[in-house]
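A short write-up of the structure that comes next.
Index from 1, following the sequence.
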Amino acid sequence: MTKPKFPKILAAESPVECFTIAPGLKAERGPRGPDAYVTLVTNADYLPGAETLVRSLRLTGTTADIAVMHRGIPDAALAALRHLGARLIAADLLPTSAEFDRAHARDALHARAAFTRGGKPDFHTPLDNFVKLRLWQLDYARTVFIDADAVVVRNVDKLFGFPEFCAAPNVYEGLDGFHRMNSGVFTARPDPATFAAMMARLDRPGIFWRRTDQTFLQDFFPDWHGLPIQYNMLQYVWINMPALWDWDGVHIIHYQYEKPWSDHAKAAALRPLIQIWRDIAAGGPLPDMAAQIRPAA
């Protein structure tokens with residue numbers, strides 16, 4: 001197997017000096033062009049996902065910048081992302097009220113709106129999800145956000161030409177999912193005015209966003225444009241709705257709930273998808289989509 005080639009960008013030997021993009025955001029370097037893929041990592045347990053996502057984007061041949069917003073990650077742990085050429089941007093929590101923070105803390109949120117359809121890992125921290133909104137503070141003209149627990153298996157650069165706000169429906173168990181969006185992949189146009197409007201709506205007395213950023217974004221963009229599910233193919237489709245899984249159209253696989261870098265109860269059922277993730281993580285090429293098996297009907 002030929003080892004894929006990536007830009008020769010060496011990891012920093014010491015912490016890199018950062019400059020402020022906007023309040024709450026500090027970057028290690030400037031942007032490389034007007035367009036960027038953006039992801040978010042708020043604890044070190046998600047680093048394997050972010051590294052594999054960046055690697056998969058590089059393998060698609062994209063010329064867009066790749067930015068990783070992060071918080072709470074030791075500098076040394078970011079070395080692999082630097083080596084892959086990702087633009088590292090330290091991001092603070094949003095300046096929300098104590099009441100808001102209490103309502104959206106892990107234990108409080110799960111007690112009020114428990115996840116019953118899949119197993120969220122112990123390192124899932126719901127309040128951190130709202131940091132995703134800082135994307136609208138970034139210094140890019142056009143962005144595509146992709147969650148760190150996803151891989152891109154075909155080039156998706158055409159998404160930069162799509163309007164704000166595009167997202168795929170939250171389909172993974174039944175057809176009712178077509179009425180809801182999933183915030184694991186979406187298109188956005190950074191704009192300080194949009195960010196200010198978001199902050200004004202986000203934190204109000206008695207407010208509760210059941211699925212954190214996802215519920216908020218659907219409320220903020222009620223006329224969201226629907227992407228095909230193949231641009232955010234949730235792994236549970238493989239199990240629950242196999243007739244919808246068509247390798248000819250799949251561009252992004254999203255490992256919602258259980259993660260492919262962890263052992264879990266659904267690993268056997270999801271083995272072909274987990275193997276794709278692990279092959280890319282290990283330095284392999286993008287998979288031959290024509291050679292993939294279909295899910296059991």
Checklist entry - Can you find a heavy atom in the side chain of L286 that is under 4.5 Å from one in the side chain of I280? => result yes
Checklist entry - Are side-chain heavy atoms of P163 and H225 found at a separation under 4.5 Å? => result yes
Checklist outcome for this item: Exactly one of V185, V54, I146, I253 clears side chain to side chain contact (heavy atoms under 4.5 Å, CB included) with V152, and that residue is I146
Checklist entry - With a 4.5 Å limit on heavy-atom distance, are the side chains of T143 and Y37 in contact? => result no
Next on the checklist: So, taking the atom named CH2 in W209 and the one named CG in D203, what distance separates them when rounded to the nearest 0.5 Å?
Outcome noted: 10.5 Å
Item to check | Contact check, side chains of L81 and H70, non-hydrogen atoms, under 4.5 Å | outcome: no
Item to check | M181/F221 under side chain to side chain contact (heavy atoms under 4.5 Å, CB included): CA gap, chis, key distance, verdict | outcome: CA-CA 10 Å; M181 55 151 282; F221 294 105; over 6 Å; no
Item to check | Any V144 side-chain heavy atom under 4.5 Å of V38 side chain | outcome: no
Next on the checklist: Any heavy-atom pair between the side chains of N232 and L227 that's under 4.5 Å?
Outcome noted: no
Checklist entry - Hey, would you say the F186 and W136 ring centroids sit under 6.0 Å apart? => result yes
Item to check | Y140-D35 side chain donor-acceptor pair, cut-off 3.5 Å | outcome: no
Checklist entry - For the atom pair CG (L234) and CD (E173), what is the distance rounded to the nearest 0.5 Å? => result 11.5 Å
Checklist entry - Just wondering, more than 12 heavy atoms not from D263 lying within 6.0 Å of its CG? => result no
Checklist entry - Taking C-beta and beyond as the side chain, do R201 and F216 meet within less than 4.5 Å on heavy atoms? => result yes
Next on the checklist: Run E164 and R142 through salt bridge (charged side-chain N to carboxylate O under 4.0 Å, His left out) and show every step you take.
Outcome noted: CA-CA 9 Å; E164 179 180 73; R142 305 184 297 183; over 6 Å; no
Checklist entry - Taking atom types as modelled and ignoring hydrogens, do the side chains of D279 and Q275 form a donor-acceptor contact shorter than 3.5 angstrom? => result yes
Next on the checklist: Would I21 and Q137 count as a side chain to side chain contact (heavy atoms under 4.5 Å, CB included) here? Give the steps.
Outcome noted: CA-CA 8 Å; I21 299 175; Q137 295 179 285; 5.8 Å; no
Checklist entry - Between F130 and H104, how do the two ring planes meet: parallel, tilted or perpendicular, split at 30° and 60°? => result perpendicular
Checklist entry - For the atom pair CD1 (I229) and CH2 (W245), what is the distance rounded to the nearest 0.5 Å? => result 9.0 Å
Item to check | Stepwise side chain to side chain contact (heavy atoms under 4.5 Å, CB included) check, M241 with L175 | outcome: CA-CA 9 Å; M241 307 175 75; L175 296 180; 3.9 Å; yes
Item to check | Residue of the set D128, D92, N43, T42 for which side-chain hydrogen bond (donor to acceptor under 3.5 Å, both in side chains) holds with R71 | outcome: D128
Checklist entry - Would D147 and K132 count as a salt bridge (charged side-chain N to carboxylate O under 4.0 Å, His left out) if you check the C-alpha gap in whole Å, the side-chain angles of each, and the deciding distance to 0.1 Å? => result CA-CA 10 Å; D147 270 348; K132 191 180 295 187; 3.1 Å; yes
Checklist outcome for this item: Taken to the nearest 0.5 Å, the spacing of L217 CG from R211 CZ works out to 15.0 Å
Checklist entry - In Å and rounded to the nearest 0.5 Å, what is the CG to OG1 distance from D101 to T96? => result 3.5 Å
Checklist entry - Where do Y231 and F162 land on the ring-ring contact (aromatic ring centres under 6.0 Å, His included) test, with the steps shown first? => result CA-CA 13 Å; Y231 284 82; F162 284 31; 7.2 Å; no
Next on the checklist: As a quick check of understanding, evaluate side chain to side chain contact (heavy atoms under 4.5 Å, CB included) for T194 and M199, giving each step before the final call.
Outcome noted: CA-CA 9 Å; T194 303; M199 293 302 297; over 6 Å; no
Item to check | E258 side chain to H264 backbone, donor-acceptor under 3.5 Å | outcome: no
Item to check | Separation between CZ of F160 and CZ of R189, rounded to the nearest 0.5 Å | outcome: 9.5 Å
Next on the checklist: Are F165 and F145 an aromatic pair, judged by ring center distance below 6.0 Å?
Outcome noted: no
Checklist entry - Heavy atoms, side chains only, cut-off 4.5 Å: are Q256 and Q235 in contact? => result yes
